[in-house]
Amino acid sequence: MTSSVLVAGIGNIFLGDDGFGPEVMRRLPPSLAGPGVRLCDYGIRGVHLAYDLLDGWDALVLVDALPCRGIPGTLHVLEADRESLSGAAGLDAHAMDPAAVFASMRALGGSPPYTVVIGCEVATVADGIGLSEPVAAAVPGAVMAVEAAVARLSAPVREG
């Protein structure tokens with residue numbers, strides 16, 4: 001049996017480095033999608049992502065910009081803590097952070113799948129289109145991280 005994996009890019013392309021997720025999604029090879037793997041740039045459509053997650057995905061790979069707490073352009077690959085991220089209940093059509101998406105999903109009666117976040121430390125989220133130099137330089141590494149995560153998560157599950 002093979003797992004189903006949703007790869008979701010999130011972010012606002014009109015806020016500089018917040019467009020990291022959509023840019024990574026644009027650069028993923030189309031061949032990565034296939035049976036059990038869906039690639040989707042959600043942009044700022046958090047409720048849309050929450051509804052799509054109700055379809056019963058086994059895993060979610062979330063590609064997003066991270067608040068700058070370190071060196072801009074630094075990539076992180078981490079497992080999301082679905083319980084602490086889904087604390088605030090409710091639906092917010094304009095909220096796009098993972099906590100808001102998971103809270104919306106819970107409000108709709110679902111529960112988040114196993115989630116891997118591939119994130120990049122931002123330099124700026126000021127008004128403007130285009131990534132800063134350090135964040136743009138991190139995009140190829142993020143593409144490789146998404147490919148590796150999909151390969152791991154969609155591998156056939158052994159039953160025994």
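No hydrogens, no waters, no symmetry mates; every other heavy atom, side chains included, goes into these values. Numbers here are sequence positions counted from 1.
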Atom of L54, atom of G110 and distance for their closest heavy-atom approach
CD2-CA, 3.6 Å

I'd like to know if L62 and V47 are part of one continuous hydrophobic network [Ile/Leu/Val/Met/Phe/Trp/Tyr, side-chain heavy atoms within less than 4.5 Å].
yes

Could you pull out the closest heavy-atom pair between I71 and E121, with the gap in Å?
O-CB, 3.3 Å

Between W57 and D52 (side chain of the first, backbone of the second, donor and acceptor by atom type, cut-off under 3.5 Å), is there such a pair?
yes

Would a hydrophobic clustering, with Ile, Leu, Val, Met, Phe, Trp and Tyr connected at side-chain separations under 4.5 Å, put Y51 with I10?
yes

Give a yes or no on whether I129 atom CD1 has more than 12 heavy-atom contacts from other residues, nucleotides or ligands under 6.0 Å away.
yes

Please round to the nearest 0.5 Å and tell me the distance separating atom NE2 of H48 and atom SG of C40.
5.5 Å

For E147 and P29, the nearest pair of non-hydrogen atoms, with its separation, is OE2-CG, 3.2 Å

If two hydrophobic side chains count as joined below 4.5 Å and joins carry through other members, does V37 share a cluster with V77?
yes

Nearest 0.5 Å, please: how far is CG in L6 from CG in L49?
6.5 Å

State plainly whether one hydrophobic cluster holds both V122 and L78, where clusters connect Ile, Leu, Val, Met, Phe, Trp and Tyr through side-chain heavy atoms under 4.5 angstrom apart.
no

Does any donor atom in the side chain of T124 or D17 lie under 3.5 Å from an acceptor atom in the other side chain?
no

Using a 4.5 Å cut-off on heavy atoms from C-beta on, say whether the side chain of V116 contacts that of R152.
yes

Quick check against the 3.5 Å criterion: does T115 have a side-chain atom that pairs as donor or acceptor with the backbone of P113?
yes

Donor-acceptor contact below 3.5 Å, side chain R45 vs main chain Y42:
yes

What distance do Y114 atom OH and L60 atom CG have between them, rounded to the nearest 0.5 Å?
11.0 Å

Which heavy atom in M25 sits nearest to a heavy atom in A8, and how many Å separate them?
SD-C, 4.2 Å

Could you pull out the closest heavy-atom pair between D41 and P22, with the gap in Å?
OD2-CB, 3.4 Å

With side chains defined as the heavy atoms from C-beta onward, is the minimum distance between L28 and V7 less than 4.5 Å?
yes

My understanding is that only residues two or more places apart in sequence, or in another chain, count here; which of them pass side chain to side chain contact (heavy atoms under 4.5 Å, CB included) with L75?
F20, C120, A138, A142

So do H76 and I118 actually touch side chain to side chain, heavy atoms under 4.5 Å?
no

Search all heavy atoms of A59 against all heavy atoms of L153 and return the closest pair with its distance.
CB-CD1, 4.0 Å

Between D18 (side chain only) and G11 (backbone N and O only), is there a donor and an acceptor less than 3.5 Å apart?
no

Assigning hydrophobic clusters by single linkage (Ile, Leu, Val, Met, Phe, Trp, Tyr; side-chain heavy-atom cutoff under 4.5 Å), is V143 placed with V5?
yes

